[in-house]
Colleague: 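Below: one structure in structure tokens.
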Amino acid sequence: MENLIELMGNSGLWMAFLGSALAAGLAGCGSAIGVGIAGQAAAGVITEDPSKFGKTLLLQALPGTQGIYGLLIGFLIWSKIGVFGTIVPVTIEQGLMLMLVGLPVGLVGLISAIYQGKASAASCGIIAKRPEEFGKGMIYPAMVETYAVLSLLASFLMLNGIKL
Amino acid sequence: MAIVKMKKATMIALQSEKNEILNDLQRFGYLQVVNLEERMEQGFEELQPDSDNEAVGRLEAKLSQVKYSIDFLGKFNTAKKPLFAQKVQVDETKRKEYLDNEEKLNEIYESCRSIDSRFTEIKSSETKLNNAIAQLTPWLALKEKLEEIGTTHNTNSILGFIASKYEDELSTAVKDEDLTAYLEKVGVEKENSYFMVIYHQTCEERISQLLKQVGWTKVTFSEYSGTPEENINRIKAEISNLENIKKELAKKAEAMVPESGFLEILYDLLSIEKDRRSVVKDFIKTDKTFMLQGWIPEKFADDMTKLLDGITDKYTISFEDPSEEDEIPVLLNNPKAVKPYEMITDLYSVPNAKGIDPNIFMAPFFVVFFGIMVTDAVYGILMSALTGYVLYKYKPQGGMKNMMWIMFFGGISTFFWGGIFGGWLGDLIKVKPWWFNPLDEPLKMLIFCLILGVIHLYTGYILQAYQNIKAGNFMDAIYDQVLWLMLLTGLMFLALPPLAAVGKYMAIVGAAGTVIFSARSEKNIFKRLISGVLALYNVSGFLGDVLSYSRLFALCLATGVIAQVFNAMGLMMGGSIIGKIIMIAFLAFAHVFNTALGVLGAYVHTSRLQYVEFFGKFYEGEGKPFNPLRIRTKYIQE
């Protein structure tokens with residue numbers, strides 16, 4: 001352990017990077033899967049009625065926000081440790097904390113985007129059969145997104161508490 | 001409140017004046033006819049259900065002709081459709097002229113039909129010809145005339161193909177057995193080899209045996225004469241000829257496209273007439289009179305009497321209040337600014353006549369929440385300017401119009417909240433926030449959002465109390481809402497030192513009241529108290545509801561920080577002049593993208609807060625919207 005710490009030059013910078021990578025990476029993966037799932041269902045609706053493109057596109061976009069939330073936290077971590085300017089020295093403890101900051105938005109983003117994608121896909125069925133109930137179809141995926149929003153908030157508040 | 005009071009109108013008039021009366025009632029547009037058939041049983045033998053089915057059927061047939069022609073010509077209309085179609089104005093004489101012009105409709109319909117059927121014919125012959133080409137192509141190299149293939153005095157010639165892998169087997173067999181036969185390989189396609197086999201009739205038996213072994217598939221071209229190549233060229237010429245005919249037909253159809261205007265107007269005129277004649281089936285009649293019943297907003301009752309007076313004096317009409325079991329249709333009467341938000345509520349459920357119309361309470365919260373979730377002054381200006389322009393210039397109708405107004409108000413709110421929290425294209429334009437920057441003081445922002453949430457939820461509880469009082473259950477309002485609000489308020493006061501003492505007593509009174517009264521329908525005193533204690537757990541539900549409003553902060557954060565990320569990325573490019581140009585283009589695109597994203601998120605999440613948190617507290621919905629007999633058009637101005 002002592003050796004490892006020496007190897008890292010007694011700096012927690014890499015852990016901070018890991019945190020931002022988890023946030024942007026996991027949430028991004030989730031969104032990619034979720035948007036993909038919704039897109040498959042949306043394409044099915046379009047084969048029947050191409051005029052519904054706009055509505056299905058909205059539904060497909062809904063699980064895309066998690067990736068953005070993840071990137072957002074990643075970006076805030078980078079700007080905190082000064083990736084865009086001069087790097088700020090980060091202790092091991094601070095680095096660990098910065099890593100944990102990435103976890104809520106990363107993990108919740110990953111899972112919630114997938115399930116939101118599934119809810120969106122189901123809502124595509126509403127658009128196919130009862131297009132007038134489109135508004136209700138938007139709400140079901142949005143219920144899932146609540147938890148992504150809360151995890152974004154959790155990550156942000158954690159990050160805000162870390163003083164470098 | 002905002003739900004319009006309805007009266008039930010019952011009218012009897014003369015059959016001979018029915019058409020005129022209906023005509024005027026449709027133009028009047030405030031009477032929803034209800035079906036009287038089930039009321040007939042109450043003992044009048046001479047009453048019959050009325051109907052105008054014959055006319056309705058005739059109109060429907062005509063409408064389907066018009067619709068078919070519009071759709072057919074629409075396929076040939078190359079002009080770009082405007083995003084917001086304007087409705088045309090048609091005066092009275094023209095209306096009559098159009099309706100009477102049955103010949104023109106027939107003419108257009110017949111030519112559409114004939115062009116359409118010609119198209120279908122051509123399509124099927126094209127498929128046939130293409131199949132023939134596919135069949136002939138492998139034989140392209142054959143120089144014989146197809147009609148000469150067959151039997152001569154001593155020889156036979158046949159065409160066919162085998163799988164290429166048996167090719168050697170066949171040729172060696174022919175060679176080894178020294179048969180008087182000649183194999184000509186004409187071509188290869190995919191996995192098959194195509195052969196012409198000529199043989200002397202003496203070895204016919206052996207040849208057919210051999211061919212059978214290698215899986216010979218015989219091909220005959222009995223209907224062709226000339227070489228395969230000649231045939232293919234002839235068929236190709238035929239296809240290109242068909243192409244020309246198709247082009248001519250398309251031209252013919254395109255020449256008729258200007259008639260769409262006539263058809264569209266006719267479509268509306270016929271629909272109006274159909275609507276009017278369809279309601280007759282809800283009437284009942286005697287030989288000379290008919291009777292109708294319908295819902296009418298109370299304030300228009302006098303207008304209806306006046307309208308009837310203008311036509312005839314041979315009628316009777318009475319207006320009565322709705323009874324308990326009536327299902328009253330709902331018409332809302334909200335201020336103009338609140339009207340667009342009815343759409344949001346209707347998406348959830350239409351208000352019912354016995355409950356309350358939530359729109360006027362919901363709309364201000366919607367505007368505020370929408371603004372906080374986007375929070376960028378420039379985005380707000382962008383949204384309002386764009387939607388304002390569209391509203392002014394194109395005058396969209398229906399759902400589109402409502403949506404535009406919602407965005408317009410949302411834009412104004414976004415501008416203000418952007419100013420308050422200092423968001424001007426993210427951090428691109430540095431303006432001191434009018435109040436504070438949520439990124440610097442996140443806790444303050446969070447608490448602010450939760451307070452807004454508490455106000456929203458309290459409004460919901462108060463509306464439920466109002467609903468109880470309106471329904472005559474004054475004590476329910478006290479037991480269920482007032483005590484509950486006392487408990488919640490008391491608990492919240494406990495967190496504020498100067499009010500803690502007051503809060504303590506409020507919470508105790510509220511809690512005790514809830515325990516005692518919440519399950520008051522329960523007879524058993526112990527069960528009642530236990531249910532009461534369990535009701536206290538709803539405090540945690542309330543806590544969850546309040547925390548849900550933290551999404552206001554999270555979405556505000558998302559828009560702001562994404563804008564900052566884009567700015568940082570954009571500014572990295574801004575070195576040389578070319579870099580600056582790319583930077584500006586990138587930033588413009590990025591911020592428009594972020595606005596779209598923010599608006600989508602804000603719309604969805606604001607709606608959710610209304611539907612789940614707010615409506616969950618009091619709203620019943622499930623009403624039937626008021627659907628009067630009126631003039632409904634798609635293309636022409638009413």
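The sequence lines fix the lettering, A, B, ..., with proteins before strands; numbering per chain opens at 1.
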Colleague: With a 4.5 angstrom heavy-atom cut-off, could you sort out which part of B:L439 is near chain A: side chain, backbone, both or neither?
Modeller: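 Both parts, backbone and side chain.
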
Colleague: Looking at B:L555, B:L557, B:V612, which has the largest count of heavy-atom pairs under 4.5 Å with chain A?
Modeller: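 Greatest number of close heavy-atom pairs with chain A: B:L557.
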
Colleague: First locate atom OG of B:S607, then atom NZ of A:K136, and finally report the distance between them rounded to the nearest 0.5 Å.
Modeller: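 So the OG of B:S607 and the NZ of A:K136 are separated by 12.5 Å.
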
Colleague: Within a radius of less than 6.0 Å around OH of A:Y140, do more than 12 heavy atoms belonging to other residues, nucleotides or ligands occur?
Modeller: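 Check fails, neighbour count at 12 or below.
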
Colleague: Distance from A:N160 atom CG to B:E441 atom CD, nearest 0.5 Å?
Modeller: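 With rounding to 0.5 Å, CG (A:N160) is 10.0 Å from CD (B:E441).
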
Colleague: Checking B:Y603 against chain A: side chain, backbone, both or neither under 4.5 Å from a heavy atom?
Modeller: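 Contact with chain A is through the side chain of B:Y603 alone.
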
Colleague: Does A:L153 reach the side chain of B:L446, with side-chain heavy atoms less than 4.5 Å apart?
Modeller: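 SC-SC contact between A:L153 and B:L446 confirmed.
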
Colleague: Within a reach of under 6.0 Å around OH of A:Y115, are more than 12 heavy atoms found that belong to other residues, nucleotides or ligands?
Modeller: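 No.
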
Colleague: Name the region of B:M572, side chain, backbone, both or neither, that has any atom closer than 4.5 Å to a heavy atom of chain A.
Modeller: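 Just the side chain, heavy atoms under 4.5 Å.
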
Colleague: I need the A:E133 CD to B:L347 CG distance, nearest 0.5 Å.
Modeller: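 CG of B:L347 is found 7.5 Å from CD of A:E133.
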
Colleague: Rounded to the nearest 0.5 Å, how far does CD of A:E145 lie from CZ of B:R608?
Modeller: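 Answer rounded to 0.5 Å: 10.5 Å.
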
Colleague: Tell me whether the count of non-hydrogen atoms from other residues, nucleotides or ligands lying under 6.0 Å of OH in A:Y147 goes above 12.
Modeller: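 Open.
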
Colleague: Within a 6.0 Å radius of atom NZ on B:K401, are there more than 12 heavy atoms belonging to other residues, nucleotides or ligands?
Modeller: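 No.
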
Colleague: Nearest heavy-atom pair of A:L152 and B:A554: which atoms, and what distance?
Modeller: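 Result for this residue pair: CD2-O, 3.7 Å.
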
Colleague: Between A:V149, A:L157, A:L72, A:I68, which shows the greatest number of heavy-atom pairs under 4.5 Å with chain B?
Modeller: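 So the answer, after comparing A:V149, A:L157, A:L72, A:I68, is A:L72.
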
Colleague: Kindly indicate, with the supporting measurements, whether the criterion side chain to side chain contact (heavy atoms under 4.5 Å, CB included) is fulfilled by B:L600 and A:L62.
Modeller: CA-CA 8 Å; B:L600 175 64; A:L62 288 179; 4.2 Å; yes

Colleague: What's the spacing between A:M138 CE and B:Y611 OH if we round to 0.5 Å?
Modeller: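 OH of B:Y611 is found 9.0 Å from CE of A:M138.
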
